[in-house]
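Notes follow once the structure below has been shown.
Counting convention: from 1, in listed order, for ligands and their atoms alike. For clarity, every value in this text was computed on a predicted model and none was experimentally measured.
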Amino acid sequence: MGLLDGKVAIITGAGNGLGEAYAKLFAREGAAVVVNDLGGARDGSGADRSAAQKVVDAIVAEGGRAVANGDDVSTVAGGENILKTALDAFGRVDILVCNAGILRDRSFANTSEEDWDAVIKVHLKGTYCCALPVWKWMKENGGGSMVLTSSTSGLYGNFGQTNYGAAKAGIYGMVRVMAIEGRKYNIRVMGLAPGAYTRMTSDLPGRQGREPDPLSLPENVAPGVLFMVSDLAAEHSGKILGVSARGVREIKMVETE
Ligand code: ADP
């Protein structure tokens with residue numbers, strides 16, 4: 001008996017780090033998983049679609065069910081094809097975790113138009129592109145749960161991340177509106193602020209060279225996200241939940257820490 005028995009989950013950017021940890025845990029909990037990842041470097045260059053397949057191979061080796069998808073989340077066609085991958089392989093979708101992301105950290109003065117567009121496109125437009133087709137399917141098929149990855153960077157700010165912070169604050173806005181609209185269709189939408197030390201956060205100013213905090217490794221964040229997508233969180237929608245090995249807590253916009 002797993003928490004996600006009989007469910008189908010799509011996880012974007014699941015070839016590395018957090019998404020990989022979610023995919024492996026969800027599969028262990030009984031879900032069939034679509035592992036999406038375009039692959040490549042942290043700044044979004046050099047697509048390498050083998051990342052998703054490696055995670056699928058590891059899940060299948062453990063006796064789980066998973067299928068790889070290498071589409072770009074930041075295009076409408078990519079989002080539609082990710083849903084198609086789920087429907088072709090497993091016939092339905094119950095859970096979406098929008099996790100794919102890139103970083104182009106620069107001080108505001110040094111943020112080029114290209115850095116701005118690239119980060120907004122993958123995070124903010126990418127969340128729209130992936131969530132919309134799944135939303136339409138869930139609306140006609142009894143609902144489901146979505147976790148859209150936001151960040152404390154979008155709520156409190158973080159040096160060198162105007163583009164990323166803007167995208168993550170925008171995702172918070174999406175969560176609020178989609179949760180209101182989703183009530184009618186039994187679609188729960190939650191924002192996630194992962195307290196994780198990952199490939200994406202390990203290069204942030206002030207963090208280079210620091211040892212990862214074991215409490216914040218992706219494997220320790222994944223159980224909180226499992227809670228969010230499962231029926232255990234049936235009462236939660238429209239919130240940003242901060243998740244680390246220290247637990248799950250609601251994050252309010254007014255906090256300033
Ligand atoms: P974190 O663990 O903090 O989420 P990672 O960089 O390890 O950070 O994971 C983000 C994932 O998102 C990477 O595996 C990356 O390949 C993937 N990704 C980035 N851009 C896209 C995109 N446009 N479409 C699909 N996946 C993407």
Side-chain angles (χ1 to χ4, degrees), residues 10-26 33-56 58 66-86 96-105 114-115 117-134 147-154 158 161 163-165 167-168 171 191-204 207-208 212-213 216-222 224-225 242-245:
I10 294 172
I11 305 170
T12 71
N16 282 291
L18 287 169
E20 175 180 4
Y22 307 156
K24 289 179 172 170
L25 182 60
F26 290 10
V33 184
V34 175
V35 177
N36 157 268
D37 207 299
L38 185 62
R42 243 189 60 252
D43 65 359
S45 62
D48 161 19
R49 290 181 168 78
S50 63
Q53 191 58 50
K54 274 188 213 143
V55 175
V56 167
V67 63
N69 169 287
D71 278 293
D72 182 345
V73 297
S74 68
T75 65
V76 169
E80 284 170 353
N81 205 47
I82 294 168
L83 171 64
K84 186 174 181 303
T85 301
L96 170 69
V97 181
C98 288
N99 168 77
I102 62 169
L103 281 182
R104 300 275 184 95
D105 288 0
E114 214 237 318
D115 292 334
D117 284 346
V119 168
I120 298 290
K121 186 168 183 230
V122 175
H123 289 274
L124 189 56
K125 185 183 172 201
T127 299
Y128 161 80
C129 290
C130 292
L132 186 64
V134 173
V147 167
L148 313 183
T149 305
S150 181
S151 167
T152 52
S153 184
N158 208 1
Q161 293 195 314
N163 49 7
Y164 182 80
K168 292 307 192 185
I171 290 170
L192 167 68
Y197 186 99
T198 64
R199 195 170 69 127
M200 192 171 280
T201 58
S202 59
D203 288 349
L204 290 177
R207 292 207 195 166
Q208 289 101 331
D213 171 0
S216 287
L217 291 171
E219 291 69 21
N220 291 325
V221 172
V225 179
V243 178
S244 75

With a cut-off of 4.0 Å, which atoms of ligand 1 are near a heavy atom of I102? 19 (C), 20 (N)

Contact with ligand 1 for A51, non-hydrogen, under 4.0 angstrom: no

Near N99 (heavy-atom distance under 4.0 Å), the atoms of ligand 1 are 4 (O)

If you define the side chain from C-beta out and look only at heavy atoms, does anything of L192 sit under 4.5 Å from V225? yes

Looking at side-chain heavy atoms only, is the closest gap between C129 and V73 below 4.5 Å? no

Atom indices of ligand 1, in the order listed, that fall short of 4.0 Å to a heavy atom of G39: 16 (O)

Quick check on N36 - does any of its heavy atoms sit under 4.0 Å from an atom of ligand 1? yes

Note: L38, heavy atoms under 4.0 Å from ligand 1, region reported as both

Flag the pair Q161 / V119 as yes when at least one side-chain heavy-atom distance between them is below 4.5 Å, and no otherwise. no

Say whether D71 and ligand 1 are in contact under the criterion: heavy-atom distance to a ligand atom below 4.0 Å. yes

List every atom of ligand 1 that sits less than 4.0 Å from any heavy atom of D72, numbering the atoms from 1 in the order shown and giving each element. 22 (C), 23 (N), 24 (N)

Does even one non-hydrogen atom of G126 get within less than 4.0 Å of ligand 1? no

